[in-house]
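To start, the structure under review is shown below, and the notes come after it.
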2 protein chains.
Amino acid sequence: MNSIISTANNPTVVPTASGAGVGASSASSLNASPTFSPLYQQIKALITQSLQSGEWKPGELIPSEMELASRFKVSQGTVRKAIDELSAENLVVRRQGKGTFVATHHEARSQFRFLRLAPDEGVPHYPENRIIEVKRMRAPAEVARLLDIKSGDSVVFIRRVQSFSGVPTILDDLWLPGSIFKGLTVERLNEYKGPMYGLFETEFGTHMIRASEQIRAVCADEAVASLLGVGVGMPLLNVERVSFTYGDKPVELRRGLYLTLNHHYRNELS
Amino acid sequence: MNSIISTANNPTVVPTASGAGVGASSASSLNASPTFSPLYQQIKALITQSLQSGEWKPGELIPSEMELASRFKVSQGTVRKAIDELSAENLVVRRQGKGTFVATHHEARSQFRFLRLAPDEGVPHYPENRIIEVKRMRAPAEVARLLDIKSGDSVVFIRRVQSFSGVPTILDDLWLPGSIFKGLTVERLNEYKGPMYGLFETEFGTHMIRASEQIRAVCADEAVASLLGVGVGMPLLNVERVSFTYGDKPVELRRGLYLTLNHHYRNELS
DNA sequence: AAGTGGTCTAGACCACTAT
DNA sequence: TAGTGGTCTAGACCACTTT
């Protein structure tokens with residue numbers, strides 16, 4: 001009753017002689033089943049599974065709507081509605097005349113989706129990166145909880161400073177599950193230009209699809225003040241982020257300290 | 001070529017004898033007109049105009065999809081796609097079996113769309129309001145620029161403190177165009193319970209549809225520290241907001257100072 | 001029973017991209 | 001010229017709400 005195959009509306013199960021491919025609601029009254037979902041949602045879930053399994057990798061072309069409709073034995077319109085939602089969630093990108101592609105962080109349009117700090121004046125641009133430290137450690141309880149791993153499991157810790165036009169502005173601490181990010185070194189991080197999520201995607205097969213942030217105001221302590229080149233007590237934004245990959249699996253914990261003298265965190269409420 | 005009436009796809013202009021209501025592309029090659037837009041976008045614009053003009057007020061039922069299709073001489077599917085987008089933008093709310101309603105701030109589901117400060121522990125709830133001051137004044141240059149009015153025009157200034165469980169947490173300064181918010185007094189603000197946007201909507205016919213925020217970290221000065229009951233130098237979030245009503249017209253400038261000892265600004269990146 | 005939005009299908013044509 | 005996504009129509013049935 002809940003799968004693609006057994007759905008009452010599925011034309012392979014209830015082919016119609018006349019007009020629309022919709023049969024009478026089949027088995028008695030079980031449509032009120034708690035696990036019922038529309039066909040296009042099931043198609044969406046199947047496509048998401050293929051994304052998650054790596055059948056189609058970031059940047060690659062996925063099958064056309066007609067092909068998918070044929071594969072899943074539904075109409076093109078149903079596939080279309082599924083892809084519409086995936087596109088709205090930034091999992092795929094549609095390009096008229098070319099096809100539908102798996103979203104990737106190696107693109108101009110994705111560059112600023114996860115970088116909310118913008119200059120008070122002038123156009124946004126990507127900051128320079130300086131890796132301070134990379135080490136493997138045992139996950140503290142709080143880190144483990146947020147990454148949904150066991151306390152004491154191996155994690156990769158990264159500290160870096162990002163600068164705009166040479167001015168240190170962001171101090172980031174990152175914790176990544178050691179099981180996924182094997183072999184991540186200072187060298188690999190330094191030789192890589194552009195957003196870190198691009199590296200995660202290409203080198204470790206982990207594509208970030210969304211993140212949840214909590215923002216607070218704090219004062220710089222001595223260590224932080226030194227790294228950012230400001231005085232002790234300077235007010236900073238404390239941005240705590242948990243990022244998720246396919247299947248809403250948390251795979252990055254990040255604490256950023258943002259200097260907001262010439263920049264601001266931008267947010268659109270709608 | 002650009003209006004509803006003269007669109008090539010419009011069945012009133014190019015009625016078809018046979019199947020689909022789509023005629024051959026009419027006048028020569030002008031479809032590449034720079035102002036072309038799909039039918040459903042034109043329908044969406046027309047519905048938005050009706051919202052803006054007050055033909056249907058917040059909380060009210062708008063005509064059914066069939067009625068609108070008939071009024072605009074398009075198919076139900078085209079109206080549906082237009083309303084889909086309006087619904088995604090939170091301008092209207094669909095309710096199966098009942099109809100489509102104009103979005104209103106007098107609803108539980110809207111309460112937290114514009115209040116991003118959440119408690120570190122426990123469930124979010126709406127803060128208590130204390131109005132400190134209401135006065136009319138001449139708009140400073142910066143305020144005038146952001147509200148898209150003339151420098152020196154009349155504006156209403158409001159200062160208030162919001163508390164969670166009795167703990168002062170938010171200090172808000174607001175500037176509103178005097179031309180719209182006539183007769184706004186301390187009494188009216190105090191006797192009104194719930195989100196201020198509900199009052200703006202009901203009493204002044206101004207419904208906020210979106211807002212743009214810029215966030216920085218600052219330190220409390222003496223005046224602020226006194227109002228929030230904290231020490232001078234306490235780090236605070238400085239949240240500058242410009243809110244817009246229909247037609248993307250700016251109608252509120254707000255500067256909030258948030259105490260983030262037991263609360264945080266939450267944000268979902270996707 | 002009647003009306004509303006929600007889902008699904010089928011088929012047409014358009015705009016864009018590549019070959 | 002062929003293939004892709006984008007738009008539009010028409011009609012059916014389903015799920016939900018109210019009368």
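Bear in mind that the values here come from a model prediction, so they are computed numbers and not experimental data. Residue numbers begin at 1 in each chain, while the letters A, B, ... track the order of the sequences.
- Applying the side chain to side chain contact (heavy atoms under 4.5 Å, CB included) criterion to A:Leu91, with sequence neighbours excluded, gives A:Leu51, A:Leu86, A:Glu89, A:Ile209, A:Tyr246.
- For B:Ser50, the side chain to side chain donor-acceptor pair (under 3.5 Å) partners are B:Glu55, not counting sequence neighbours.
- In this structure, CD1 of B:Ile43 is placed 14 Å from P of D:dT7, rounded to the nearest angstrom.
- Every residue was checked against the side chain to side chain donor-acceptor pair (under 3.5 Å) condition with A:Lys81, not counting sequence neighbours, and none meets it.
- A ring-centre distance under 6.0 Å is not found for B:His105 and B:Phe200.
- As a whole-Å value, the separation of A:Gln76 CD from D:dA10 C1' is 16 Å.
- For the pair B:Gln41 CD and D:dG6 P, the interatomic distance rounds to 13 Å; values are reported in whole Å.
- At its two ends the helix from C:dA1-D:dT18 to C:dA18-D:dT1 runs along axes set 0° apart, each axis drawn from five pairs and the angle rounded to 10°.
- Residues meeting the side chain to side chain donor-acceptor pair (under 3.5 Å) test with B:His125, sequence neighbours left out: none.
- Heavy-atom distances to DNA chain C give each of B:Ile83 and A:Thr78 a nearest nucleotide, and the one nearer the 5′ end belongs to B:Ile83.
- Rounded to whole Å, the distance from CZ on B:Arg80 to C1' on D:dA12 is 14 Å.
- Under the side chain to side chain donor-acceptor pair (under 3.5 Å) criterion, B:Glu85 pairs with B:Lys44, sequence neighbours left out.
- Applying the ring-ring contact (aromatic ring centres under 6.0 Å, His included) test to B:Phe204 and every residue at least two apart in sequence or in another chain returns B:Phe181.
- In this structure, A:Leu68 atom CG and D:dG3 atom C1' are separated by 15 Å, rounded to whole Å.
- Within residues 84-105 of chain A, the residues approaching DNA chain C are A:Gln96, A:Gly97, A:Lys98, by heavy-atom distance under 4.0 Å.
- When the side chain to side chain contact (heavy atoms under 4.5 Å, CB included) test is applied to A:Leu146, the partners found at least two apart in sequence or on another chain are A:Glu142, A:Val242, A:Leu253.
- The side chain to side chain contact (heavy atoms under 4.5 Å, CB included) check on A:Ala118 picks up A:His264, A:Arg266, with sequence neighbours excluded.
- Between the P atom of D:dG5 and the NZ atom of A:Lys81 lies a distance of 18 Å, rounded to the nearest Å.
- By the ring-ring contact (aromatic ring centres under 6.0 Å, His included) test, A:Tyr126 pairs with no residue at all, sequence neighbours left out.
- Within residues 57-67 of chain A, the residues that place at least one heavy atom under 4.0 Å from DNA chain D are, in residue-number order, A:Ser64, A:Glu65, A:Glu67.
- A salt bridge links A:Glu268 with B:Arg210: the closest approach of a Lys/Arg side-chain nitrogen to an acidic carboxylate oxygen falls below 4.0 angstrom.
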